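For reference, the structure discussed in these notes is given below.
All chains are named by letter (A, B, ...) in the order of the sequence lines, taking the proteins before the strands, and each is independently numbered beginning at 1. Bear in mind the structure is a predicted one, so any value in this text is a computation, not a measurement.
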Amino acid sequence: MKIMISATGKDKNSIVDEKFGRAEHYIIYDSSKDAFNNLVNTAQSGAHGAGPKAAQIAIDHGVDIILTGNLGPKAMRVIEHTNIKAYYLKEKTVLENVQSFLKDELEEIEKAGPSNAGK
Amino acid sequence: MNIVFLSGKGGTGKTTVSTNIAYINGFNYIDCDVEEPNGHIFLKPEYKEVVQSGILNPVIDEEKCTLCNACVENCQFGTLANTGKKILIFNELCHGCGTCSISCNFNAIQEVKRNVGKIEIGTYEKGKFMRGVLNLKEPLAVPLIKDVKELIVAHETNIIDAPPGSSCTVVETLEDGDYAVLVTEPSAFGLSDLKQVVTVLKQMAIPFGVIINRGDNNNSIITDYLNKEKIDLIGMIPYSMKAAQLYSKGTLLIKDPELNEVFVDLSQKIMHRVMTNGKN
């Protein structure tokens with residue numbers, strides 16, 4: 001299972017980023033290898049469309065779970081067409097949120113939040 | 001000949017100045033502030049024709065699409081997403097550039113025109129009137145402004161009312177501009193946004209001058225900057241309660257004798273500069 005977390009820094013102890021499309025980094029945790037990998041978000045600075053681009057990154061990396069603060073309507077529409085599930089962040093760091101998710105303590109994102117929330 | 005009125009900051013008086021200058025000279029008035037056109041309030045035109053404006057958006061033939069991802073990779077605007085089962089399209093992000101259909105090797109993408117607004121064409125008391133009106137919730141104004149600009153008659157004198165800001169919509173409005181009038185106000189916000197449009201105009205090599213609207217004791221905020229950068233100050237419209245009252249009723253300021261004098265003087269100064277410095 002692969003878990004993608006929006007983050008402000010590049011390792012597992014980084015503080016998470018509530019923004020999805022405009023997060024600076026995405027950390028992908030691969031449970032089969034127990035490894036954390038960092039991706040720099042290249043779509044962060046575009047005028048529009050950061051959300052669906054970030055959703056595309058999740059799809060392209062074979063992510064199963066997204067942990068973030070808010071999914072806008074466009075990112076949500078992409079996610080809904082896949083088997084990816086998204087959950088709200090609750091803890092401070094990437095690692096803590098992954099641990100909470102694995103203990104089934106995070107709430108699933110079922111409805112899109114406001115658009116352009118990360119701008 | 002196109003004289004463009006812009007400001008950077010919104011609410012400095014682009015429309016106030018441009019409508020009065022158009023009226024004094026009987027020039028055509030073109031409202032390119034398509035998200036919030038309001039020149040009609042002062043010039044009270046009669047519309048005779050409406051032209052629809054649109055942008056080309058991709059439509060995917062799912063029978064032909066192989067989900068190869070070429071369109072998604074080549075789109076610069078995040079318009080397309082590949083879920084692995086289907087290509088999703090976000091029309092509101094599309095700039096209509098056509099890269100997706102060019103990059104498709106399976107002829108699966110057709111471009112279909114989507115309406116984004118309309119252009120109303122008519123006359124006001126003294127000349128031609130034209131304005132673009134963007135549809136509600138439509139984020140992309142550039143295609144509509146482009147269509148408005150195509151209907152402009154180049155050999156006539158056109159007063160073009162630009163949108164606020166200094167982004168793509170303003171750049172599009174400025175294309176083919178022969179002279180630009182920057183309307184600003186003596187405030188820190190006015191100055192900050194003025195600096196940004198000055199950068200745009202310098203890059204586009206369009207000659208320009210500045211008018212300070214609602215001038216008061218703080219004018220030096222603007223004039224210090226203009227002096228330092230050797231930018232031409234065309235003139236100043238003093239702060240006046242009378243102007244605010246007329247404006248709030250949708251009346252041209254030149255209906256007031258004192259303000260009329262201010263605008264006739266400004267108009268002469270603008271036209272002198274257009275003739276000596278203008279591109280055309």
Quick check on B:Gln76 against chain A: is it the side chain, the backbone, both or neither that has a heavy atom closer than 4.5 Å?
backbone
B:Ile89 versus chain A, heavy atoms under 4.5 Å apart: side chain, backbone, both or neither?
backbone
Among A:Asp60, A:Thr82, A:Val78, A:Ile84, which has the most heavy-atom pairs under 4.5 Å with chain B?
A:Val78
Neighbours of chain B found in residues 52-59 of chain A - heavy atoms under 4.5 Å:
A:Pro52, A:Lys53, A:Gln56, A:Ile59
[X] [atom1]: over 12 foreign heavy atoms closer than 6.0 Å:
{"X": "B:Glu63", "atom1": "CD", "result": "no"}
{"X": "B:Tyr47", "atom1": "OH", "result": "yes"}
{"X": "A:Tyr88", "atom1": "OH", "result": "yes"}
{"X": "B:Lys85", "atom1": "NZ", "result": "yes"}
{"X": "B:Gln52", "atom1": "CD", "result": "yes"}
{"X": "A:Glu105", "atom1": "CD", "result": "yes"}
{"X": "A:Lys12", "atom1": "NZ", "result": "no"}

I need the A:His81 NE2 to B:Leu88 CG distance, nearest 0.5 Å.
5.0 Å
About how many Å separate CD1 of A:Ile79 and OG1 of B:Thr83, when rounded to the nearest 0.5 Å?
10.5 Å
Salt bridge (charged side-chain N to carboxylate O under 4.0 Å, His left out) against B:Glu62, all qualifying residues, sequence neighbours excluded
B:Lys86
